[in-house]
Amino acid sequence: QLQPVESGGGLVQPGGSLRLSCTASGSTLDYYFIGWFRQAPGKEREGVSCISATSDSIYYADSVKGRFTISRDSARNTVYLQMNSLNPEDTAVYYCAAGPAQWPCTTASYDYWGQGTQVTVSS
């Protein structure tokens with residue numbers, strides 16, 4: 001069974017950058033849509049960015065447009081989320097998820113979930 005694994009979270013100052021990585025040992029991500037989601041304390045899990053299997057379709061939440069970039073590296077079996085100009089409102093646990101080819105970028109569209117990585121934006 002596909003098991004996504006996230007890495008790259010941490011503590012960063014406002015205005016800083018982080019790059020999250022999502023991979024899956026023993027399974028290829030090539031045939032799946034991959035989504036990055038986040039959940040802040042007391043809030044629902046929300047879709048941040050999703051990418052199709054061929055990278056021809058990408059979604060960004062309005063709150064991260066122009067700051068975050070999602071990309072795939074098939075050779076490394078990895079999907080990245082580059083996060084720039086981070087602000088305290090970006091603080092959350094970030095989850096990587098894989099699912100069949102379907103939109104929208106919501107939790108219901110994804111079947112396989114990682115354990116999450118904490119991103120904290122604070123001075």
Side-chain angles (χ1 to χ4, degrees):
Q1 179 166 327
L2 183 67
Q3 178 60 60
V5 178
E6 307 94 339
S7 61
L11 173 64
V12 63
Q13 292 187 341
S17 298
L18 282 175
R19 188 177 75 164
L20 304 183
S21 299
C22 174
T23 189
S25 59
S27 302
T28 178
L29 299 176
D30 284 353
Y31 307 117
Y32 294 90
F33 277 36
I34 302 297
W36 283 101
F37 296 79
R38 67 185 181 187
Q39 189 166 19
K43 294 187 177 181
E44 292 188 355
R45 194 171 298 187
E46 63 172 352
V48 174
S49 182
C50 293
I51 187 168
S52 65
T54 57
S55 303
D56 60 344
S57 295
I58 290 175
Y59 164 87
Y60 294 104
D62 287 343
S63 58
V64 306
K65 279 181 183 176
R67 301 189 298 123
F68 290 12
T69 303
I70 192 171
S71 62
R72 307 181 72 117
D73 186 339
S74 294
R76 289 179 168 81
N77 197 33
T78 302
V79 175
Y80 301 103
L81 185 68
Q82 177 67 43
M83 306 187 296
N84 300 327
S85 301
L86 286 161
N87 58 62
E89 289 70 38
D90 296 314
T91 295
V93 178
Y94 283 70
Y95 297 89
C96 173
Q102 61 181 359
W103 297 100
C105 185
T106 62
T107 56
S109 296
Y110 289 82
D111 299 323
Y112 306 103
W113 291 83
Q115 294 299 307
T117 185
Q118 176 70 46
V119 171
T120 302
V121 185
S122 175
S123 56

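On a predicted model such as this, the values are computed, not experimentally measured, just so you know.
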| query | Which pair of heavy atoms, one from Ala98 and one from Leu2, lies closest together, and at what distance? | reply | CB-CD2, 3.3 Å

| CE-CZ distance between Met83 and Arg19, expressed to the nearest 0.5 angstrom | 11.5 Å

| request: Using a 4.5 Å cut-off on heavy atoms from C-beta on, say whether the side chain of Tyr60 contacts that of Thr69. | output: yes

| said: Any side-chain to backbone donor/acceptor pair from Ser49 onto Tyr59? Under 3.5 Å, distance only. | reply: yes

| Only one of Asp90, Thr91, Thr117 forms a side-chain hydrogen bond (donor to acceptor under 3.5 Å, both in side chains) with Arg38, so which one is it? | Asp90

| field | Glu6 and Tyr95, any side-chain heavy atoms less than 4.5 Å apart | value | yes

| Transitively linked via ILVMFWY side-chain contacts under 4.5 Å: Leu81 with Val93? | no

| said: Within this structure, what is the OG1-CD distance for the pair Thr106 and Glu44, rounded to the nearest 0.5 Å? | reply: 11.5 Å

| query | How far apart are the closest heavy atoms of Pro100 and Ser109, and which atoms are they? | reply | CD-O, 3.8 Å

| said: Tell me whether Leu18 shares a hydrophobic cluster with Val64, the cluster being built from Ile, Leu, Val, Met, Phe, Trp, Tyr side chains joined at under 4.5 Å. | reply: yes

| message | Is there a continuous path of hydrophobic side-chain contacts, each under 4.5 Å between heavy atoms, that joins Tyr94 to Trp113? | response | no

| said: In the structure I gave you, are the side-chain heavy atoms of Ser17 and Gln82 within less than 4.5 Å of one another anywhere? | reply: yes

| task | Look at atom CD of Gln118 and say whether more than 12 heavy atoms of other residues, nucleotides or ligands are closer to it than 6.0 Å. | result | yes

| field | Cys50 vs Phe33 side-chain heavy atoms within contact, under 4.5 Å | value | no

| message | In this structure, would Trp36 and Ile58 fall into the same cluster of hydrophobic residues linked by side-chain contacts under 4.5 Å? | response | yes

| request: Could you pull out the closest heavy-atom pair between Cys105 and Phe37, with the gap in Å? | output: O-CE2, 4.0 Å

| task | Starting at OG of Ser85, measure out to CZ of Phe68 and round the result to the nearest 0.5 Å. | result | 9.0 Å

| query | Nearest heavy-atom pair of Arg76 and Thr78: which atoms, and what distance? | reply | O-OG1, 2.7 Å

| query | Quick one: are Pro14 and Asn87 in side-chain contact, heavy atoms under 4.5 Å? | reply | no

| note | In Leu20, Thr23, Ile70, the residue satisfying side chain to side chain contact (heavy atoms under 4.5 Å, CB included) with Val79 is Ile70

| task | Determine, using the 4.5 Å side-chain heavy-atom cutoff (strictly less than), whether Ile51 and Tyr112 are members of one ILVMFWY cluster. | result | yes

| said: Tell me if a side-chain donor or acceptor on Asp30 pairs with a main-chain N or O of Asn77 at a distance below 3.5 Å. | reply: no

| Has the side chain of Ser52 got a donor or acceptor atom that lies under 3.5 Å from a matching backbone atom of Ser55? | yes

| Pairwise side-chain contact, Ser27 with Tyr32, heavy-atom cut-off 4.5 Å (strictly under) | no

